[in-house]
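Here's the structure we're looking at; comments come further down.
For the numbers below, each heavy atom of this structure counts, side chains included, while hydrogens, waters and symmetry mates do not.
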Amino acid sequence: MSRDDDVPVITRRLEEDSTAVVPQRMPSPADAGQGGAGDEPVTRRLSAASPLDGSHLLQEVTARLADQAAVLLSVLQLQAGSQIADRYRVQAGPLGGISGEAEIYLCADERTGARAVVKLYRHNLSPKQEVLQSLLGLRHPDIVSIQDYGTWAGRFYEAMEYCEGGSMADAMPLSEQQLREQLGQIINGLRYCHRQGIIHRDIKPNNLFYRDKARTESVLGDFGISSILDADDEDVRITQSAANLTLDYAAPELLDGHKVGPQTDYYSLGITLIHLLLGHSPFRNMSNTDILVAHLRGRIDYPQNLSAEFEQLLRGLLQISPDNRWGYRQVHAWLHGREIVRDDGSVWGQQQPTSGGVGYPGYPQAQTPQQLASALEHFDAAKQLFRGDIRRWLFDHHDPALAERVEQIEENYTQDPQAGLQKLRFLLD
């Protein structure tokens with residue numbers, strides 16, 4: 001099995017998302033009187049022009065899509081002086097350009113006279129309102145306050161406090177000392193969120209801000225894709241689609257469909273610290289597949305000339321297993337030069353001690369292929385088979401050759417999952 005084979009189905013979705021769908025071109029005045037030629041689909045007109053030249057066709061399609069995107073973006077952009085929700089007067093923006101999710105504008109709140117940042121989401125997109133409601137009006141020293149949210153012109157918006165120092169991405173690269181000075185505030189913000197049952201799930205440089213111009217007050221912001229923890233369970237199963245993840249900062253459990261919790265944010269924090277030190281993502285110029293493998297295999301490249309002390313911090317934050325990953329207690333101890341212990345009080349080590357085999361994550365009682373074969377009816381085996389979970393477990397902990405044969409089942413039995421399960425049971429047993 002090749003290195004790239006051992007990745008979840010999420011890879012295919014990410015790659016498929018890059019496939020362009022050619023829209024129909026709107027008629028222009030120049031098309032008038034030409035027998036309705038302007039109403040023909042782009043695909044038909046381009047194919048007639050160059051039926052055998054695939055490269056030329058791709059160039060023309062790409063150029064036309066770029067032109068249409070530019071027109072669309074100019075239409076979407078609000079001008080200075082525009083008003084949002086009869087309250088927020090646009091002063092500047094979109095800050096950071098227009099993304100596929102939202103535009104962000106610097107506004108004057110005409111009710112309070114203060115500045116505010118308004119995030120205006122695309123049609124049919126919105127953050128989780130239960131998260132926003134829990135943060136609405138909250139003033140916490142380490143969290144960007146959410147002041148208002150609602151719907152305007154058919155689009156969801158949220159208004160938040162204006163951070164004069166910008167984001168940490170604006171200030172990078174940062175030194176180890178600068179990060180050490182800010183880290184305590186960041187983890188205090190995370191601890192507060194986690195105590196409220198909120199998992200941020202999108203920690204990255206652009207979501208860490210400086211409240212003041214002097215850039216001494218660090219605050220955590222942008223809770224657009226956050227999760228609310230179940231009151232009866234400190235974990236929550238991932239429901240996030242690949243399209244909404246910021247892949248560079250995604251913890252392994254976000255990628256393989258397992259449960260997420262507070263430690264998920266600390267993994268993203270570890271990647272964010274590397275990004276802030278380097279001034280760019282540690283995965284720059286890497287394919288989505290290679291990024292996935294790096295997360296799932298623990299193959300993260302650290303900056304050169306990193307101190308041994310800071311390397312310890314990063315290794316603690318970037319443990320693949322959430323059970324062995326640092327959280328608030330460990331980072332707080334590191335900041336104060338104390339011994340690092342697990343939450344149960346035992347001394348922390350990079351590798352979590354295990355006894356016996358490694359149980360299958362979807363059914364931990366099964367620690368061998370034979371045990372898994374007899375347990376397939378106790379969990380959603382078909383779903384986990386065809387998204388690659390079983391193959392990945394076999395590859396990591398048992399027999400790569402067996403994993404390759406399971407991959408053949410994935411490829412050949414997608415239209416008949418039950419037959420695929422029967423084949424899998426025979427193969428494992």
Side-chain angles (χ1 to χ4, degrees), residues 91-99 101-107 114-119 139-146 158-193 200-226 246-250 265-285 300-307 309-311 313-314 317-318 326 328 331-332 334-335:
Q91 295 182 331
L95 305 179
I98 298 178
S99 72
E101 179 190 37
E103 306 119 59
I104 299 175
Y105 295 94
L106 175 61
C107 300
R115 280 181 158 184
V117 171
V118 177
K119 186 172 184 179
R139 286 292 299 178
H140 185 279
D142 303 309
I143 294 177
V144 174
S145 65
I146 307 297
E158 60 177 297
M160 61 200 83
E161 70 170 300
Y162 171 57
C163 295
E164 294 184 290
S167 73
M168 283 194 170
D170 300 326
M172 61 186 189
L174 299 174
S175 67
E176 289 184 13
Q177 182 58 36
Q178 288 174 310
L179 291 175
R180 177 187 282 272
E181 292 169 357
Q182 307 295 331
L183 190 54
Q185 298 175 72
I186 295 170
I187 65 172
N188 281 340
L190 282 175
R191 180 173 65 164
Y192 179 82
C193 290
H200 191 287
R201 298 204 308 181
D202 200 22
I203 303 296
K204 58 185 178 182
N206 284 325
N207 288 341
L208 299 176
F209 300 90
Y210 296 107
R211 179 173 279 132
D212 60 327
K213 286 184 179 180
R215 292 179 169 173
T216 60
E217 298 180 45
S218 299
V219 288
L220 177 62
D222 201 339
F223 294 84
I225 68 169
S226 302
T246 308
L247 187 59
D248 286 21
Y249 315 94
D265 285 340
Y266 282 92
Y267 184 93
S268 300
L269 176 60
I271 300 295
T272 295
L273 293 177
I274 295 177
H275 190 149
L276 292 170
L277 285 169
L278 294 173
H280 59 78
S281 169
F283 307 113
R284 184 173 63 174
N285 300 325
I300 311 298
D301 291 332
Y302 293 172
Q304 295 181 354
N305 304 318
L306 193 66
S307 71
E309 188 178 18
F310 217 85
E311 182 176 344
L313 169 68
L314 294 179
L317 291 171
L318 297 177
W326 285 15
Y328 175 83
V331 178
H332 187 268
W334 180 87
L335 281 170

_Does Lys204 form a salt bridge (Lys or Arg N to Asp or Glu O under 4.0 Å) with Asp222? I'd like the steps, not just the answer._
CA-CA 10 Å; Lys204 58 185 178 182; Asp222 201 339; over 6 Å; no
Are any side-chain N or O atoms of [X] and backbone N or O atoms of [Y], one a donor and one an acceptor, separated by less than 3.5 Å?
X	Y	result
Gln185	Ser218	yes
Arg215	Gly165	yes
Arg211	Ile143	yes

Hey, what do you get for [atom1] ([X]) to [atom2] ([Y]), rounding to the nearest 0.5 Å?
X	Y	atom1	atom2	answer
Glu176	Leu179	CD	CG	8.0 Å
Asp265	Asp202	CG	CG	9.5 Å
Tyr328	Asn188	OH	CG	4.5 Å
Leu269	Leu190	CG	CG	6.5 Å
Leu317	Tyr267	CG	OH	10.5 Å
Ile203	Leu273	CD1	CG	10.5 Å

*Between Leu318 and Ile274, is any pair of side-chain heavy atoms under 4.5 Å apart?*
yes
*Does the side chain of Leu208 reach to within under 4.5 Å of the side chain of Leu220, using non-hydrogen atoms?*
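Contact flag for Leu208/Leu220 side chains = yes.
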*So Val118 and Ile104, side chain to side chain contact (heavy atoms under 4.5 Å, CB included) or not? Walk me through it.*
CA-CA 6 Å; Val118 177; Ile104 299 175; over 6 Å; no
Show the nearest heavy-atom pair for residues [X] and [Y], with the distance to one decimal.
X	Y	answer
Thr216	Tyr210	N-CD2, 4.4 Å
Ile187	His332	CD1-N, 4.0 Å
Pro205	Ser167	O-CB, 3.9 Å
Glu309	Trp334	O-NE1, 3.0 Å
Met160	Ile146	CB-CD1, 4.2 Å

*Do the charged groups of Asp142 and Arg191 touch, with an N to O distance under 4.0 Å?*
no
*Does Glu164 come within less than 4.0 Å of Arg115, counting only side-chain N to carboxylate O?*
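No, no charged N to carboxylate O under 4.0 Å.
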*Hey, mind stepping through His275 and Asp248 against side chain to side chain contact (heavy atoms under 4.5 Å, CB included) and telling me if it holds?*
CA-CA 10 Å; His275 190 149; Asp248 286 21; 5.9 Å; no
_In terms of relative ring orientation, are His140 and Tyr192 parallel, tilted or perpendicular, with 30° and 60° separating the classes?_
tilted
*asked:* Testing Leu276, Leu278, Leu277 one by one against His280 for a side chain to side chain contact (heavy atoms under 4.5 Å, CB included), which residue passes?
replied: Leu278
*Kindly indicate, with the supporting measurements, whether the criterion side chain to side chain contact (heavy atoms under 4.5 Å, CB included) is fulfilled by Leu183 and Leu313.*
CA-CA 11 Å; Leu183 190 54; Leu313 169 68; 3.9 Å; yes
_With side chain to side chain contact (heavy atoms under 4.5 Å, CB included) as the criterion, how do Leu314 and Leu306 come out once you've worked through the C-alpha distance, each side chain's angles and the decisive distance to 0.1 Å?_
CA-CA 10 Å; Leu314 294 179; Leu306 193 66; 3.6 Å; yes
